[in-house]
Visitor: 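The structure follows.
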4 protein chains.
Amino acid sequence: MSRPDPDPARRNERSRRAILGAALELLAETGYRDLSVEAIAARAGVGKQTIYRWWRGKGAVILDALVDQLTRAGDPALPDTGDLRADLRGMLRATVAEFADPRLSATTRALTIETLSDDDLAGQVRDRLLRPQLTAVRTRLESARRAGQVRPDVDLDQAVELLFGPLYHRWLLRNGPLTDDYADGIVDLTVTAIG
Amino acid sequence: MSRPDPDPARRNERSRRAILGAALELLAETGYRDLSVEAIAARAGVGKQTIYRWWRGKGAVILDALVDQLTRAGDPALPDTGDLRADLRGMLRATVAEFADPRLSATTRALTIETLSDDDLAGQVRDRLLRPQLTAVRTRLESARRAGQVRPDVDLDQAVELLFGPLYHRWLLRNGPLTDDYADGIVDLTVTAIG
Amino acid sequence: MSRPDPDPARRNERSRRAILGAALELLAETGYRDLSVEAIAARAGVGKQTIYRWWRGKGAVILDALVDQLTRAGDPALPDTGDLRADLRGMLRATVAEFADPRLSATTRALTIETLSDDDLAGQVRDRLLRPQLTAVRTRLESARRAGQVRPDVDLDQAVELLFGPLYHRWLLRNGPLTDDYADGIVDLTVTAIG
Amino acid sequence: MSRPDPDPARRNERSRRAILGAALELLAETGYRDLSVEAIAARAGVGKQTIYRWWRGKGAVILDALVDQLTRAGDPALPDTGDLRADLRGMLRATVAEFADPRLSATTRALTIETLSDDDLAGQVRDRLLRPQLTAVRTRLESARRAGQVRPDVDLDQAVELLFGPLYHRWLLRNGPLTDDYADGIVDLTVTAIG
DNA sequence: CCCTAAACGAGACGGTACGTCACGTCTTGGT
DNA sequence: ACCAAGACGTGACGTACCGTCTCGTTTAGGG
């Protein structure tokens with residue numbers, strides 16, 4: 001006896017943007033702890049129902065906000081200069097920089113929390129945010145394999161995780177500084193492992 | 001104008017155990033979403049104040065519960081058979097098994113959530129839970145380095161993270177299955193990277 | 001800057017009837033508490049705006065519904081058999097019966113509630129529902145006065161209220177049963193009072 | 001699976017008074033339409049839950065507030081000067097004055113509304129507010145009957161309603177002015193009816 | 001008989017209040 | 001003093017309706 005799905009064609013684009021914008025603002029300003037649907041609605045000048053009509057909760061809003069932001073940021077493809085080590089270093093340094101930026105970091109942190117107690121959302125995050133990024137790296141590794149820079153028996157998905165895993169681990173658990181040197185070290189180890 | 005610290009000597013051990021036990025039970029039964037201080041108190045047959053008197057919040061309770069559990073599980077030291085690859089495989093397979101066990105997994109998940117918005121707690125988790133585990137592995141790697149199985153220029157902390165990071169990444173983001181094969185693959189890549 | 005009045009000539013009679021019917025149905029089925037413009041619209045298969053276009057709110061709808069119903073019921077005139085007591089008894093017994101009928105009772109109850117916080121509506125109810133009924137009785141009393149059955153100094157409006165007031169009081173406050181005997185008793189007292 | 005009843009012994013008297021006071025203030029200031037549990041809680045400096053813990057809704061709060069007020073006002077007994085007509089006139093004039101006072105009137109109005117869609121509350125109102133008042137009048141009539149001023153066959157309850165009913169009717173339906181003259185007229189008719 | 005302006009169904013919108021839940025603090029009485 | 005119990009002020013939750021406001025789509029009357 002649940003409501004029928006609302007009609008996306010009638011959706012108010014102005015409200016949608018206001019909500020996503022307000023969510024990002026509040027996250028940056030006050031952190032995840034103080035982020036509430038109520039606050040987002042108030043900041044966006046929107047009724048709460050308008051949020052609940054289109055999203056399952058604040059987690060879903062943050063996801064959309066982040067996807068929106070990244071979509072605007074554009075192409076996740078890695079450069080392919082032929083120098084695998086250099087290309088990966090550039091990519092991982094950029095990722096480190098993102099994790100170090102409090103603004104982006106807050107969003108990712110918030111999303112991770114939601115993800116941990118919402119399997120549905122976790123799937124969405126995996127598919128819409130994570131996979132594209134991982135795939136971009138994998139594509140670069142495939143090119144490297146064709147160039148003979150990677151052993152043919154290496155599982156490329158594992159290789160990708162070898163790059164991101166340690167970084168993610170260190171960030172989440174605050175188990176050490178996130179620097180360019182750290183990124184370079186991970187790349188070196190990975191290249192050695194698969195080369 | 002805060003209350004003086006309570007006297008730990010007069011602490012009721014029965015209550016402490018009941019609280020930690022109730023926390024673990026509820027986590028296993030209903031998941032983190034429905035875990036509340038109120039529920040823990042009710043289940044433990046304890047006043048809420050007794051929880052707040054000794055812990056800062058449910059995050060701290062979970063941490064203590066997990067530390068308690070692991071302490072009972074005993075020594076985290078790795079075996080040292082001389083065969084680095086085999087020793088690491090055993091360790092990582094055990095870790096994979098832990099992450100796959102819903103009971104332990106739920107606790108870790110909950111703790112990770114709390115950690116993400118409580119720096120204090122994050123430090124505690126790092127020092128009391130994470131570091132001992134990482135150190136145990138690092139100790140094994142140092143032994144391997146002395147045996148000439150690891151290049152002298154390798155940063156052993158990074159090496160440790162090369163083992164746990166991918167696993168943690170995959171678990172948190174549900175980005176693939178957690179199997180013994182997967183553990184073995186990570187170990188192989190890591191050994192190649194540092195050997 | 002308000003909308004121009006809608007053109008009554010173009011009004012959809014089918015919708016009007018559906019709305020009034022739905023209102024009465026819902027009142028009878030679920031009571032006043034659960035009566036909402038939204039529910040009326042849904043039940044009537046009508047847009048909410050169609051209700052707000054023609055009525056000021058649910059109170060006005062109920063009023064119209066009741067007027068409609070009573071209009072169909074027809075002429076409120078009292079018989080004049082010459083026997084004042086008998087005529088009044090007949091009238092008051094009928095009124096008691098109305099108040100005892102759950103269907104009519106629910107409507108009246110709802111209308112009374114709306115009336116209590118809407119002066120506009122109160123006036124409408126007084127003029128369109130109440131006055132005709134009271135006037136009919138007053139007319140009968142005037143006839144009785146001409147026949148010398150009523151003292152010339154009696155305020156007939158007060159006399160009318162002497163009949164309806166106790167009944168209304170008892171009904172609203174559930175201060176006793178509403179029976180034919182009760183109606184007869186009121187009539188007897190009133191006739192004594194004015195005779 | 002409902003909460004156990006709260007323990008009245010631990011009830012905070014300060015909060016109780018603040019809530020009842022705030023309810024009466026808001027009723028007088030803004031009328032019933034704008035009276036909300038939320039507003040009462042805010043005005044009283046009290047959590048909403050504290051209201052819902054002890055009352056079923058705003059209707060019950062108003063009832064308690066009114067009972068409290070009347071209890072403080074004290075003895076509802078009528079004087080018994082031996083002059084029935086005079087005693088009743090005094091009483092009915094006072095009642096008219098109450099209905100004419102916007103402050104008291106607002107409370108009664110609000111209570112009547114709630115009463116109409118809550119049978120439980122209606123019973124409470126009848127027993128705690130209405131009955132004592134009616135009984136006081138009935139007691140005076142009994143005294144008058146013993147004095148031979150009232151016919152022995154008159155149903156005294158009906159006689160009481162003969163006094164209050166017309167007044168209540170006129171007040172609720174705004175069917176004419178509420179003046180001392182009106183009160184006197186009702187008393188005269190009633191005395192004639194029962195004398 | 002067609003045109004066009006309205007009324008229409010549907011329902012999204014910014015709001016307000018609902019009644020519930022859990023937070024972390026405070027109070028009471030019991031051991 | 002610590003405890004079990006639970007009332008308290010606080011504030012967010014997710015829902016229900018309010019009355020207003022678009023959306024296409026009938027529909028009815030004047031040209």
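Per chain, numbering begins at 1; letters A, B, ... match sequence-line order.
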Visitor: Please state whether the phosphate of E:dA7, meaning OP1 or OP2, lies under 4.0 angstrom from any side-chain nitrogen or oxygen of C:Thr50.
Guide: no
Visitor: What's D:Gly45 touching, base or sugar-phosphate or nothing? Going by heavy atoms closer than 4.0 Å.
Guide: sugar-phosphate
Visitor: To the nearest Å, how far apart are D:Tyr32 OH and E:dT16 P?
Guide: 19 Å
Visitor: So if I take every side-chain heavy atom of B:Gln49 and compare against E:dT25, E:dT20, F:dG19, which nucleotide ends up nearest?
Guide: E:dT25
Visitor: Keeping the roles fixed (side chain from A:Arg174, backbone from A:Leu172), state whether a donor-acceptor pair exists under 3.5 Å.
Guide: yes
Visitor: Can you tell which of F:dC3, E:dC23, E:dA6 lies closest to the side chain of C:Arg10?
Guide: E:dA6
Visitor: F:dC8 C1' sits how many Å from D:Arg11 CZ, rounded?
Guide: 13 Å
Visitor: By nearest heavy atom, map A:Val37 and B:Asn12 onto DNA chain F; which one lands nearer the 5' end?
Guide: B:Asn12
Visitor: Rounded to whole angstrom units, what separation is found between the OH atom of D:Tyr52 and the P atom of E:dA17?
Guide: 12 Å
Visitor: Side-chain N or O of A:Ser36 versus OP1/OP2 of F:dG11: is the shortest distance under 4.0 Å?
Guide: no
Visitor: Taking for each residue the nucleotide of DNA chain E with the nearest heavy atom, is it C:Ser15 or A:Ala41 whose nucleotide lies nearer the 5' end?
Guide: C:Ser15
Visitor: Rounded to whole angstroms, how far apart are CZ on B:Arg16 and P on F:dA4?
Guide: 14 Å
Visitor: Can you measure D:Asp7 atom CG to F:dA4 atom P for me and round it to whole angstrom units?
Guide: 18 Å
Visitor: Is any side-chain N or O of C:Arg53 under 3.5 Å from a base N or O of E:dA7, one able to act as donor and the other as acceptor?
Guide: no
Visitor: Kindly point out which of E:dC13, F:dG19, F:dG9 is positioned nearest to the side chain of C:Lys48?
Guide: F:dG19
Visitor: Toward the 5' end of DNA chain E, which comes first, A:Pro6 or C:Ala44, by nearest nucleotide?
Guide: C:Ala44
Visitor: Should we count CZ of A:Arg56 as having more than 12 external heavy atoms under 6.0 Å?
Guide: no
Visitor: Closer than 3.5 angstrom, by distance alone: can the side chain of C:Lys48 be matched with the main-chain N or O of C:Ala41 as a donor-acceptor pair?
Guide: no
Visitor: In whole Å, what is the span from the CZ atom of C:Arg14 to the P atom of F:dA28?
Guide: 10 Å
Visitor: Knowing that exactly one of B:Arg16, B:Arg11, B:Arg10 qualifies, which makes a salt bridge (Lys or Arg N to Asp or Glu O under 4.0 Å) with B:Glu13?
Guide: B:Arg16
Visitor: Could you tell me the separation between the CD atom of A:Glu38 and the P atom of E:dA17, rounded to a whole number of Å?
Guide: 13 Å
Visitor: Checking D:Gln49 against D:Arg53: is there a side-chain donor and acceptor pair closer than 3.5 Å?
Guide: no
Visitor: May I have the distance from B:Glu13 (atom CD) to F:dC3 (atom C1'), rounded to whole angstrom?
Guide: 15 Å
Visitor: Is any side-chain nitrogen or oxygen of A:Trp54 closer than 4.0 Å to OP1 or OP2 of E:dG11?
Guide: no
